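Read the numbers this way: they start at 1 and go in the same order the structure lists the ligands and their atoms. On a predicted model such as this, the values are computed, not experimentally measured, just so you know.
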Amino acid sequence: MALVVQKYGGTSVGSIERIRNVARRVSKTFDDGNDVIVIVSAMAGETNKLVALANEMCEFPSEREYDVLVSTGEQVTIALLSMCLQSMGYKAKSYCGWQIPMRTDSAFSKARIESIEDKNIREDLKSGNIVVVAGFQGIDSEGNIATLGRGGSDTSAVAIAAGLKADVCEIYTDVDGIYTTDPRIVSEASKLEKISYDEMLEMASLGSKVLQIRSVEFAKKFNVVVHVRSSFNDNPGTLVMKEDADMETVLVSGITYNKDEAKISVFRVPDRPGIASKIFSPLSHANITVDMIIQNISQEGYTDLTFTVPKTDFKKAFKIVEETSKEIDAKNIKGDESIAKVSIVGVGMRSHSGIASKMFQTLSQEGINIQMISTSEIKVSCIIDAKYTELAVRVLHEAFGLEKGEVKVE
Ligand code: ADP
Ligand code: ASP
Ligand code: MG
């Protein structure tokens, strides 16, 4: 008997009929003789509706109450799925995060999981229950509900698989695996049979929202093999796992894009020690993550600084930087919300040169201007005007030979 963790995302539980479909899949796994823990998301679109309600109510909703609100979507799904399983004759029990309890820190809307109590779940499994857990939510040390950030149900699932030492961790979604790029943008994208944790981490953090980044961090840390597959068919999906020898032979495994960042530029910043810390410390105290940073070469004692932040934090960040810029006597600040980051990712980059220049050349041939660049050992990212996102992804996908069945090994 194996312990199987299955996670079903929003589209997979998007209607009563789809929840019935999930119940059939779950019950089959149970009938095959396994213990099953199911983690579910809110029904498709529900979390967005809740976020919109909070924003309609006030410009800066209380972070605690925001989490109380947005966590409710998952509670609906666990109850409906449990009811469905029960009506099919199975024993099933639903759990909100606090009932497990899944303990987190208090960083509302981006909380980190600290520990998972397994006693209650293990007892229920032992007495023949299918355990149905609300993804995306936990409880902090003060008893407040805290959510794990958008897409956080993936992290709930991998953390439970790691914490309870599951034998199998399956993430069911609306595509049948990880593709070379978002198949909704490039229909020629190819499915990868396997991908290393590091590549998946880069892809997730660079905008490929098929898995939440923290879920991949957990998987890597605890060596959980994650099988990403479709809830609508039985095709084998993609295994997210430890790097192996074949993976290095592929130069670029994936192209990602991210339209969820905004750019802030601070002009004529006095160039002296401590200024960067003056600008960035208040942002980090406000829990705002800064991504790419560019500082120009100093001229006559002044420099310009540009960086990106999540769009959801843009208003808050702009206000903070506006105040700091007055304090440090910078000339002015400017924001731009219509940017996109396109990136190429691959462990093969470590051992091959010329990949970044091929990317720049491909973009320039289409007349796409590169506003910012950042690189790591296994990725190159460029900030461009958001209106060119789809075009950039398409031409890069073609330039690196990633079309269906054509992944090039050079
Ligand atoms: P769920 O609701 O199941 O969590 P998500 O919408 O979070 O599903 O993730 C699945 C979506 O991720 C797909 O529909 C696809 O459009 C998108 N996606 C982005 N990049 C990729 C990729 N490289 N491979 C597969 N899917 C991707
Ligand atoms: N319902 C949450 C969201 O839409 C969490 C998830 O689906 O993973 O972000
Ligand atoms: Mg998701």
Side-chain angles (χ1 to χ4, degrees), residues 6-15 18 21-22 38-52 66-67 69-78 97 109-111 133-138 146-159 170-195 199-216 226 228-232 235 237-238 240 252-260 312 342-346 389-390 393 396-397 402 407:
Q6 298 186 333
K7 177 257 171 178
Y8 291 89
T11 323
S12 305
V13 294
S15 65
R18 288 192 173 173
N21 172 53
V22 167
V38 194
I39 289 87
V40 285
S41 292
M43 295 168 77
E46 285 307 310
T47 311
N48 286 347
K49 275 190 207 154
L50 295 166
V51 170
Y66 179 92
D67 274 8
L69 179 67
V70 300
S71 61
T72 57
E74 272 69 13
Q75 189 166 338
V76 172
T77 327
I78 52 170
S109 84
K110 45 188 110 167
V133 173
F136 183 50
Q137 51 173 272
T147 63
L148 310 179
R150 298 307 305 267
S153 300
D154 298 330
T155 305
S156 310
V158 178
E170 294 174 321
I171 304 273
Y172 285 91
T173 181
D174 55 2
V175 276
D176 56 5
I178 311 289
Y179 279 71
T180 47
T181 193
D182 189 343
R184 283 194 216 173
I185 294 226
V186 180
S187 56
E188 290 81 17
S190 327
K191 186 167 77 182
L192 300 162
E193 187 192 335
K194 53 191 177 179
I195 184 168
E199 285 169 312
M200 196 62 237
L201 266 177
E202 288 286 12
M203 284 184 59
S205 57
L206 294 169
S208 187
K209 286 182 209 141
V210 59
L211 287 179
Q212 198 199 33
I213 175 165
R214 282 191 191 152
S215 69
V216 191
V226 177
V228 178
R229 50 194 312 199
S230 167
S231 63
F232 303 116
N235 298 346
T238 302
V240 185
V252 172
S253 325
I255 317 275
T256 64
Y257 66 94
N258 182 359
K259 294 187 191 174
D260 296 340
T312 44
V342 288
S343 313
I344 56 174
V345 175
T389 316
E390 285 76 12
V393 171
L396 289 170
H397 194 264
L402 301 179
V407 179

Closer than 4.0 angstrom: is that true for some heavy atom of G9 and an atom of ligand 2? no

Test side chain to side chain donor-acceptor pair (under 3.5 Å) applied to D176 and Y179, step by step: CA-CA 9 Å; D176 56 5; Y179 279 71; 2.6 Å; yes

If we number the atoms of ligand 2 from 1 as shown, the ones under 4.0 Å from a heavy atom of S153 are 5 (C), 6 (C), 7 (O), 8 (O)

Atom 17 (C) of ligand 1 has as its nearest protein heavy atom D182 OD1, 3.8 Å

Would you please determine whether E46 falls within less than 4.0 Å of ligand 2 on a heavy-atom basis? no

Counting only nitrogen or oxygen atoms and a 3.5 angstrom limit, does G10 reach ligand 1? yes

Could you see which bit of P183 sits under 4.0 Å from ligand 1, with heavy atoms only: side chain, backbone, both or neither? side chain

Identify, by atom number and element, the atoms of ligand 1 in contact range of K209, meaning under 4.0 Å from any of its heavy atoms. 7 (O), 9 (O)

Provide, to 0.1 Å, the distance between atom 21 (C) of ligand 1 and the closest protein heavy atom, together with that atom's residue and name. S208 OG, 3.4 Å

Tell me, which protein residue and heavy-atom name are nearest atom 7 (O) of ligand 2, and how many Å apart are they? S41 OG, 3.0 Å

Does only the side chain of T181 get under 4.0 Å from ligand 1, or the backbone, or both, or neither? Count heavy atoms. backbone

What protein heavy atom is closest to atom 25 (C) of ligand 1, reported as residue, atom name and distance in Å? G177 O, 3.3 Å

Any nitrogen or oxygen of D154, main chain or side chain, under 3.5 Å from a nitrogen or oxygen of ligand 2? no

Out of all atoms in ligand 1, which are within 4.0 Å of some heavy atom of K7? Include the element for each. 4 (O)

What pair of heavy atoms forms the shortest contact from D67 to S109, and how long is it? OD2-N, 2.8 Å

Taking atom 9 (O) of ligand 1 as the reference point, the nearest protein heavy atom with its distance: V210 CA, 3.5 Å

So Y172 and K7, do their side chains get closer than 4.5 Å, heavy atoms only? no

Top protein contact for atom 11 (C) of ligand 1, by heavy-atom distance: D174 OD1, 3.8 Å

Tell me, which protein residue and heavy-atom name are nearest atom 23 (N) of ligand 1, and how many Å apart are they? Y179 O, 2.9 Å

Atom 6 (O) of ligand 1 [closest protein heavy-atom partner, distance rounded to 0.1 Å]: R184 NH2, 4.3 Å

Does any part of the side chain of I255, heavy atoms only, come nearer than 4.5 Å to the side chain of L402, both counted from C-beta? yes

Suppose I only count heavy atoms of R150 and a 4.0 Å limit; which atoms of ligand 2 are within that range? 3 (C), 4 (O), 9 (O)

Which heavy atom in I178 sits nearest to a heavy atom in V210, and how many Å separate them? CD1-CG1, 3.7 Å

If we only count heavy atoms from C-beta on, is the D260 to K209 side-chain gap below 4.5 Å? yes

Output yes when the distance from some N or O of ligand 2 to some N or O of G10 is under 3.5 Å, and no in every other case. no

Ligand 2 atoms nearer than 4.0 angstrom to some heavy atom of G151 are 3 (C), 5 (C), 6 (C), 8 (O), 9 (O)

